Amino acid sequence: MVDRAAKLAGEGQFAQAADLLSESLGRADDDIIVEDLSLALAHVHYLGGYFRAAATLFERVGAARDGRYDAADATIQECRYYAAQCRMEIGESTAALAAFGSFVRWEPDVHDEGAVDRHLDALAQMMRLEAGAERFQQAQAAAIVLRDALRRYRGPEAPDLDEIDGFLARLRRLTD
């Protein structure tokens with residue numbers, strides 16, 4: 001079922017994939033299967049641009065797993081990240097900042113490139129959201145945290161460091 005939905009989503013048939021998963025979800029009676037189907041449906045909604053529905057599902061799955069697993073569980077962290085992305089996409093900046101903040105409290109597994117990428121992206125989104133709201137001191141603090149994380153995970157020669165330094169210089173001019 002999930003494989004068929006993934007194939008449909010891969011072909012850009014998001015509504016059909018969502019319908020297939022929703023039907024299966026309606027018949028599921030096991031909590032773990034409900035979570036798995038809900039997570040798959042959340043991803044389909046996300047890929048299809050249905051961010052409000054996706055956010056609700058990511059948050060629901062994350063909360064359900066949070067009751068059974070350690071908060072650093074990879075799936076819980078994935079749910080937090082994508083819920084934050086969805087909140088940002090629908091223009092809920094305050095909710096997005098809170099969700100990204102919750103997500104970045106946990107350090108990623110340095111051996112999991114995807115987790116590191118999501119962590120760095122979340123820090124960058126926080127910086128951008130703060131700057132976009134003209135909270136320049138918070139944006140500057142977020143940029144410093146991002147810069148430190150980039151150095152830690154990508155090394156002192158990371159190409160994005162120059163961009164962050166330029167951003168910090170512009171922010172300093174705005175706050176001086």
Side-chain angles (χ1 to χ4, degrees), residues 9 12 14-15 17-18 35 38-67 69-109 112-154 158-176:
F14 301 109
E35 277 178 27
S38 295
L39 185 57
L41 182 57
H43 281 290
V44 166
H45 283 318
Y46 180 83
L47 292 171
Y50 305 107
F51 298 114
R52 191 170 304 281
T56 299
L57 288 167
F58 282 125
E59 289 164 354
R60 187 179 305 149
V61 172
R65 288 184 66 90
D66 199 25
Y69 299 97
D70 181 81
D73 173 72
T75 302
I76 293 171
Q77 292 306 313
E78 177 185 339
C79 287
R80 286 182 177 148
Y81 173 78
Y82 283 107
Q85 288 286 1
C86 290
R87 294 294 172 203
M88 186 179 68
E89 289 290 340
I90 59 179
E92 296 179 358
S93 298
T94 302
L97 272 168
F100 281 129
S102 175
F103 172 75
V104 299
R105 278 198 300 253
W106 303 98
E107 292 292 322
D109 176 355
D112 182 344
E113 193 67 28
V116 170
D117 288 344
R118 285 187 297 275
H119 187 80
L120 293 172
D121 181 65
L123 291 171
Q125 297 298 358
M126 291 176 72
M127 178 189 72
R128 289 183 195 108
L129 287 165
E130 294 288 13
E134 297 185 4
R135 291 188 294 262
F136 300 124
Q137 289 179 333
Q138 291 91 330
Q140 188 173 10
I144 291 167
V145 171
L146 173 59
R147 188 179 198 296
D148 291 346
L150 273 167
R151 288 179 64 83
R152 186 170 53 253
Y153 296 121
R154 300 287 189 245
D160 294 335
L161 288 173
D162 288 339
E163 184 180 329
I164 300 301
D165 287 340
F167 185 77
L168 280 166
R170 288 188 300 279
L171 285 174
R172 283 187 196 104
R173 285 192 299 269
L174 290 170
T175 58
D176 288 341

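Basis for what follows: all heavy atoms, side chains included, without hydrogens, waters or symmetry-related copies. If you're wondering where the values come from, they're calculated on a predicted model, not measured in any experiment.
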**Item:** Evaluation steps, salt bridge (charged side-chain N to carboxylate O under 4.0 Å, His left out), between Asp160 and Arg154
**Value:** CA-CA 9 Å; Asp160 294 335; Arg154 300 287 189 245; over 6 Å; no
**Prompt:** How far does OG of Ser102 sit from OH of Tyr81, to the nearest 0.5 angstrom?
**Reply:** 14.5 Å
**Message:** Measuring only between side-chain heavy atoms, which start at C-beta, is Ile164 closer than 4.5 Å to Met127?
**Reply:** yes
**Complete:** Here the pair of heavy atoms bringing Met88 nearest to Ala96 is N-CB, 3.6 Å
**Prompt:** So do Tyr46 and Leu57 actually touch side chain to side chain, heavy atoms under 4.5 Å?
**Reply:** no
**Request:** Report the C-alpha separation of Glu107 and Arg152 in whole Å, then their side-chain angles, then the decisive distance to 0.1 Å, and conclude whether the salt bridge (charged side-chain N to carboxylate O under 4.0 Å, His left out) test is met.
**Result:** CA-CA 11 Å; Glu107 292 292 322; Arg152 186 170 53 253; 3.7 Å; yes
**Message:** Once you measure the plane-to-plane angle for Tyr82 and Phe58, does it fall in the parallel (<30°), tilted (30-60°) or perpendicular (>60°) bin?
**Reply:** parallel
**Asked** What are the two closest non-hydrogen atoms of Ser93 and Leu129, and how far apart are they?
**Response** OG-CD2, 3.9 Å
**Request:** Report the distance from atom CG of Leu41 to atom CZ of Arg60, rounding to the nearest 0.5 Å.
**Result:** 9.5 Å
**Residue pair Leu97, Gln138: steps toward the side chain to side chain contact (heavy atoms under 4.5 Å, CB included) verdict** = CA-CA 11 Å; Leu97 272 168; Gln138 291 91 330; over 6 Å; no
**Message:** Restricting to non-hydrogen atoms, name the atom on Val61 and the atom on Cys79 that form the minimum distance, rounded to 0.1 Å.
**Reply:** CG1-SG, 3.8 Å
**Request:** Report, as yes or no, whether the 6.0 Å neighbourhood of atom CZ on Phe167 holds more than 12 heavy atoms from other residues, nucleotides or ligands.
**Result:** yes
**Request:** Kindly give the heavy-atom pair with the smallest separation between Val44 and Ala18, and that separation in Å.
**Result:** CG1-N, 3.9 Å
**Asked** Would Arg52 and Glu59 pass as an ion pair if we require N to O under 4.0 Å?
**Response** no
**Item:** side chain to side chain contact (heavy atoms under 4.5 Å, CB included) between His119 and Gln77, worked out
**Value:** CA-CA 10 Å; His119 187 80; Gln77 292 306 313; over 6 Å; no
**Asked** At what distance, to the nearest 0.5 angstrom, does CG of Leu150 lie from CG of Leu161?
**Response** 5.5 Å
**Point-to-point distance, once rounded to the nearest 0.5 Å, from CE of Met126 to CZ of Phe100** = 8.5 Å
**Request:** Might you point out which heavy atoms bring Ala139 and Leu171 nearest each other, and give the distance in Å?
**Result:** C-CD1, 3.8 Å
**Message:** Closer than 3.5 angstrom, by distance alone: can the side chain of Arg151 be matched with the main-chain N or O of Arg147 as a donor-acceptor pair?
**Reply:** no
**Request:** Report the distance from atom CD of Gln125 to atom CG of Leu120, rounding to the nearest 0.5 Å.
**Result:** 11.5 Å
**Complete:** Output for pair (Tyr153 OH, Glu113 CD), nearest 0.5 Å, gives 11.5 Å
**Asked** Do you know which two heavy atoms are closest between Ala99 and Ala84, and how far apart they sit?
**Response** CB-CB, 3.4 Å
**Asked** Step by step, would you call Arg118 with Arg80 a side chain to side chain contact (heavy atoms under 4.5 Å, CB included)?
**Response** CA-CA 10 Å; Arg118 285 187 297 275; Arg80 286 182 177 148; over 6 Å; no
